[in-house]
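In this chain, numbering begins with 1 at the start of the sequence shown. Scope of the values below: all heavy atoms of this structure, side chains included, with no hydrogens, waters or symmetry mates.
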Amino acid sequence: MQRRSLIAGLASTAIISHAWGQAVPTEIRMLVSFNAGGATDLLARRLQSLLEPRGHRLVVENLVGGGSMIAMNRLAQSPPDGRTLGLASHGLIAQIVAREIPLRLDQFTPLVRLATDPSILVTGAQSRFRTLADVVAAMRTPEGPSVGAAGPVGTAGHLRMTGIAQDMRGNFNYVGYTGAARLANELMGRHLDLGLVKPNDVFGQIRSGELRALAVLEEQRLPQLPEVPAITEVGLNPHPFGRITSMTYAVAPAAVPPPLRDALIALLREAVLSPAFQVKAEEDCYVADGLSGAALQAAVAQTAEAIRVAQQRLRG
């Protein structure tokens, strides 16, 4: 009876101690800077069902506005007790490097990478662009095509296209969008020539034939789109400013104690590398490698430096 009472008491406490030796809160709040139903939000919600059997309730809170400022400022001011985490991205890195928001990268502790997204160039089904060669030819004209991506001038999509255009000595007219849904509608309505997107954002339209994928802006083709060439196949560098990795990763406040940090990494990494999470990653065409620790910090620093170089070139 005493043994049963002890087990029941432990199960009802506010924290659970894992085999890796540090107590992790049973309820964790995940702050997300984007609307419910978007790609980033869905990543957080996929973790919910995976953490619950591991003894943790993940509460997803969508704090939209100010770019990533509202959610990430809340996280930076939260106690470093593991009860409040957030999802950061290359978009946040770009905002911080450009000093568009009054936050610093060192206010956050990178934990685990949930997703790395390739970038693809797409167009509408009725578009005059049929192949990657058509895109290259159009970009080498004085007027250049219109190209849309999520975010204003200076954000990752714009910087990626700027680097590729400079690499081919080409031109384009940038159009920034608040999200992929409106961009896709503009392409399908023939109001926009080309769009730089994550496959996950437009797979439905590609499969239905409403959008056509023209190029993968990475070093190699994607298994999910084997017929779509990589831009390296026409001699272009997908990362002329340095590698700007499109990624989403979990972060904690900066002062989280190392033992708790390591326990959170172990918990989240186990979920990301689980078969259930990996199946969704394969279906939605992103890589869920569970990168963590010093390796993730290095990837964040690499992307920040590439964005800094790109923004300098843009100003110069």
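A chain of hydrophobic side-chain contacts below 4.5 Å, direct or via other Ile, Leu, Val, Met, Phe, Trp or Tyr residues, connects I307 to Y174. Under the 4.5 Å side-chain heavy-atom criterion for Ile, Leu, Val, Met, Phe, Trp and Tyr, L296 and I96 are members of the same hydrophobic cluster. Hydrophobic clustering, with ILVMFWY side chains joined whenever heavy atoms are under 4.5 angstrom apart, keeps M188 apart from V135. Under a hydrophobic clustering in which Ile, Leu, Val, Met, Phe, Trp and Tyr are joined whenever their side-chain heavy atoms come within less than 4.5 Å, directly or via other members, V197 and L121 fall into different clusters. Placement of V122 and V234 in two distinct hydrophobic clusters is found when ILVMFWY residues are connected by side-chain heavy-atom separations under 4.5 Å, directly or transitively.
To the nearest 0.5 Å, atoms CG (D41) and CZ (R46) are separated by 10.0 Å. With rounding to the nearest 0.5 Å, the separation of CD1 in I28 from CG in D81 is 10.0 Å. Separation of atoms CG (N200) and CD (E283) is listed at 10.5 Å; rounding is to 0.5 Å. Note that NE2 of H158 and CZ of F172 are 4.5 Å apart. Values are rounded to the nearest 0.5 Å. The OG1 atom of T232 sits 10.0 Å away from the NE2 atom of H239 when rounded to the nearest 0.5 Å. Residue L92 holds its CG atom at 6.0 Å from CZ of F108, rounded to the nearest 0.5 Å.
A salt bridge is defined here as a Lys NZ or Arg NE, NH1 or NH2 lying under 4.0 Å from an Asp or Glu carboxylate O, and D289 with R113 meets this definition.
For the residue pair F277 and L114, the shortest heavy atom distance occurs at CE2-O, 3.6 Å. Contact detail for L31 and A71: the closest heavy-atom pair is CD1-O, 3.5 Å. For the residue pair V112 and S292, the shortest heavy atom distance occurs at CG2-CB, 4.2 Å.
A donor-acceptor pair under 3.5 Å is absent between the side-chain atoms of R160 and the main chain of S119, judged by distance alone. Counting only distance, with no hydrogens or angles, the side chain of D193 and the backbone of V147 share no donor-acceptor pair below 3.5 Å. Checking side-chain atoms of D134 against main-chain N and O of T131 turns up a donor-acceptor pair under 3.5 Å. Between the side chain of T245 and the backbone N or O of T303, no donor-acceptor pair lies under 3.5 Å. Without hydrogens or angle criteria, Q278 side chain to A288 main chain gives a donor-acceptor distance under 3.5 Å. With E218 contributing its side chain and P238 its backbone, the two residues share no donor-acceptor pair below 3.5 Å.
Between R313 and L159, the closest side-chain pair of non-hydrogen atoms is not below 4.5 Å. Side-chain atoms of I120 and V228, non-hydrogen and from C-beta on, never get closer than 4.5 Å to each other. For the pair M161/L217, a side-chain contact is recorded, criterion being any heavy-atom separation below 4.5 Å from C-beta on. No side-chain heavy atom of Q166 sits less than 4.5 Å from a side-chain heavy atom of P240. Inter-residue side-chain proximity for M247 and V300 is flagged as met; some heavy-atom pair is nearer than 4.5 Å.
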With side-chain hydrogen bond (donor to acceptor under 3.5 Å, both in side chains) as the test, would you mind laying out the steps for S146 and N173 before giving the verdict? CA-CA 5 Å; S146 59; N173 301 293; over 6 Å; no

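Residues forming a side chain to side chain donor-acceptor pair (under 3.5 Å) with Q48 (at least two apart in sequence, or on another chain): none.
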